[in-house]
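Below is one structure; the comments refer to it alone.
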Amino acid sequence: MKLTISVIKADVGSIGGHIKPSQKLKDVVANFVYENGIKKGEVVDYYISSTGDDIAILMTHKKGALNDTIHKLAWDAFVEGTRVAKEQGLYGAGQDLLKDAFSGNVKGMGPAVAEMEIEERPNECFVLFAADKTDPGAYNLPFYLGFADPMYCAGLMLSPKMGKGFKFVIMDVAHTEGDRVIELSAPEDLYDIAALLRDNQRFVIEHIYSDSTGEIAASVSTTRLHNIAGKYTGKDDPVALVRVQGAFPATGEILAPFSIGHYVAGFMRGSHTGPLMPVKANSPISYFDGPPVVSAQAFSVKDGKLTEPADAFDQPFWDWVRDQVSQKALDIRRQGFSGCAMLPYSELEYGGIVEKMKKLDGKFKVRK
Ligand code: 13P
Ligand code: 13P
Ligand code: MG
Ligand code: MG
């Protein structure tokens, strides 16, 4: 059976700063999707969750990727959410809805979207990743390790179904006139893939395919909000869908690289470097508007119907990881604004620092 899994996420307002959405806001979004998606037969199933201040609408349906009915449903749910966010006086109400009117699909309009059309396996399972206070390049390292490095993905050695490796579709997100993409396969092009993926702000994994079966394995939202808005409007806070088991990495293999807590862009005002902390679903944000966080909810699906999620980072092992990541966050925060603790000017130039630099520029004098 052909099935499309879509996750569309947005920040349309949160309690007490950029912390977490209100329960009422989540309920309103959920109810909207139920009334206009389930009852009208547009979607097969849905699930609402939050990560930091972002709400993710997960949907299964039969309409394919980039479908205007599905995208409009999510957009309208977020518009309805924005109305409630304003009523409640939530912070940043409608933050990620960058355009006034919906047109076609949500790409380039603010919300992040990851989708895949699949042939549903008899025991189909996948993981929904949702990150807050960071950008889509945050998935580059963990997905590279989870799909291309046998040090993390033992299946690359042990499973005949994964023997041929995986194809990476990588997007140049600096190219805003259209989707500029390259296809490279691991292990053949491993060093080329690494050369691109080291630059998390420019080159971002968009899709991954099994080279053994041709099936889609992963889909990542690639939105860079500052490229759309031309100014800082909040961080991109990317979502991703990853199919697991069988021809794909085991769930634990794709989770394993998140134990690194690697340093990513984001954190306070989207302008800093911080370690990515694996958190339970629906976790709030705290220290220095961070640290950057990622949740992982695993689902099984039958005829498009979702089970309840297994909250993959809600397990004692990850408590220890979170302690380590907290230490990394404190370590880099001790140097405040200095050097690599803040993002380079190219990333900050969409924010208020542009005005400051202009003013200072006029005060410089060249000595005779
Ligand atoms: P089970 O034997 O529990 O199905 O696990 C198989 C496996 O490959 C785990 O990575
Ligand atoms: P969000 O992008 O999650 O709204 O965070 C914005 C911010 O500036 C936090 O300090
Ligand atoms: Mg916010
Ligand atoms: Mg956010």
Side-chain angles (χ1 to χ4, degrees), residues 8-22 25-26 49-56 78 81-82 85 90-98 110-112 123 125 127 129-136 138 146 150 152-162 221 223-229 231-239 243-256 264-274 276-277 279 282-295 298 300 310 312 329 333 337 342-343 347-348 350-353:
I8 303 181
K9 82 90 227 173
D11 173 354
V12 292
S14 49
I15 302 177
H18 297 277
I19 303 289
K20 66 168 195 176
S22 66
L25 175 48
K26 287 168 76 172
S49 59
S50 62
T51 302
D53 60 4
D54 296 290
I55 298 179
F78 287 131
T82 299
L90 298 188
Y91 195 73
Q95 179 183 288
D96 285 353
L97 305 185
L98 300 181
N123 49 9
C125 43
V127 182
F129 289 97
D132 188 33
K133 306 299 183 268
T134 189
D135 58 29
Y152 285 82
C153 182
L156 295 169
M157 293 181 292
L158 302 178
S159 167
K161 294 179 196 155
M162 291 168 71
S221 66
T223 331
R224 296 292 329 264
L225 289 180
H226 72 199
N227 291 345
I228 301 172
K231 61 177 195 289
Y232 180 68
T233 62
K235 217 52 185 168
D236 316 312
D237 304 339
V239 285
R243 296 171 83 188
V244 287
Q245 304 296 140
F248 310 113
T251 316
E253 286 168 339
I254 200 62
L255 298 178
V264 297
F267 223 159
M268 176 59 73
R269 299 177 187 275
S271 304
H272 294 81
T273 301
L276 186 64
M277 179 183 278
V279 294
N282 306 301
S283 289
I285 287 296
S286 180
Y287 170 64
F288 203 59
D289 279 8
V293 294
V294 60
S295 64
S300 283
R333 284 312 316 138
F337 56 75
M342 266 186 109
L343 298 184
E347 283 293 310
L348 301 180
Y350 297 90
I353 202 157

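All residue numbers in this chain count up from 1 along the given sequence. Note that ligands are numbered from 1 as they come in the structure, with each ligand's atoms numbered from 1 the same way.
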Compile the protein residues with any heavy atom at a distance under 4.0 Å from an atom of ligand 1; present them by chain, then by number.
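Correct list: A250.
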With D132, which residues qualify under salt bridge (Lys or Arg N to Asp or Glu O under 4.0 Å), at least two apart?
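With neighbours one apart ignored, the set is empty.
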In terms of atom number and element, which parts of ligand 2 are under 4.0 angstrom from non-hydrogen atoms of [X]?
{"X": "D53", "value": "1 (P), 3 (O), 4 (O)"}
{"X": "D289", "value": "9 (C), 10 (O)"}
{"X": "Q95", "value": "1 (P), 2 (O), 4 (O)"}
{"X": "D11", "value": "4 (O)"}
{"X": "M268", "value": "10 (O)"}

State the [atom1]-[atom2] distance between [X] and [Y], to the nearest 0.5 angstrom.
{"X": "L343", "Y": "I353", "atom1": "CG", "atom2": "CD1", "value": "10.5 Å"}
{"X": "S50", "Y": "I19", "atom1": "OG", "atom2": "CD1", "value": "12.0 Å"}
{"X": "T223", "Y": "D135", "atom1": "OG1", "atom2": "CG", "value": "11.0 Å"}
{"X": "D237", "Y": "Q95", "atom1": "CG", "atom2": "CD", "value": "8.0 Å"}
{"X": "F267", "Y": "I285", "atom1": "CZ", "atom2": "CD1", "value": "9.5 Å"}

Report the part of D237 in contact with ligand 2, treating N, CA, C, O as backbone and CB onward as side chain, heavy atoms under 4.0 Å; options are side chain, backbone, both, neither.
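Contact part for D237 vs ligand 2: side chain (C-beta onward).
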Is the contact between H18 and ligand 2 made by the side chain, the backbone, both, or neither, using heavy atoms and a 4.0 Å cut-off?
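It is the side chain that touches ligand 2; the backbone stays farther off.
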Identify the heavy atoms of C153 and M162 that sit nearest to each other, and give their distance.
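Closest approach of C153 to M162, heavy atoms only: SG-CE, 3.4 Å.
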Distance-minimising heavy-atom pair for E253 and A154
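Heavy atoms of E253 and A154 come nearest at OE2-N, 3.2 Å.
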Show your reasoning for whether side-chain contact (heavy atoms from CB on, under 4.5 Å) applies to V294 and V279.
CA-CA 6 Å; V294 60; V279 294; over 6 Å; no
Go through the side-chain N and O atoms of T134 and K235 and say whether any donor and acceptor fall under 3.5 Å apart.
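Looking only at side-chain atoms, K235 and T134 do not form any donor-acceptor pair under 3.5 Å.
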Less than 3.5 Å apart, any donor N or O on the side chain of N282 or K20 sitting next to an acceptor on the other?
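Judged by distance alone, the side chains do not pair up.
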At distances under 2.8 Å, what protein N, O or S atoms surround the Mg ion (ligand 4)?
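For the Mg ion (ligand 4), the protein N, O and S atoms that sit under 2.8 Å away are D53 OD1, D54 OD2, D132 OD1, D237 OD2.
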Less than 4.0 Å between a side-chain N and a carboxylate O, is that true for K9 and D54?
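Salt bridge flag = yes for K9 with D54.
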Can you sort out the partners of Y91 under ring pair (Phe, Tyr, Trp, His ring centres under 6.0 Å), two or more places apart, ordered by chain and number?
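Applying ring pair (Phe, Tyr, Trp, His ring centres under 6.0 Å) to Y91 gives H18.
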I want to know if ligand 2 touches D54 in the polar sense, i.e. an N/O pair below 3.5 angstrom.
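In fact, backbone or side chain, D54 has no N or O that close.
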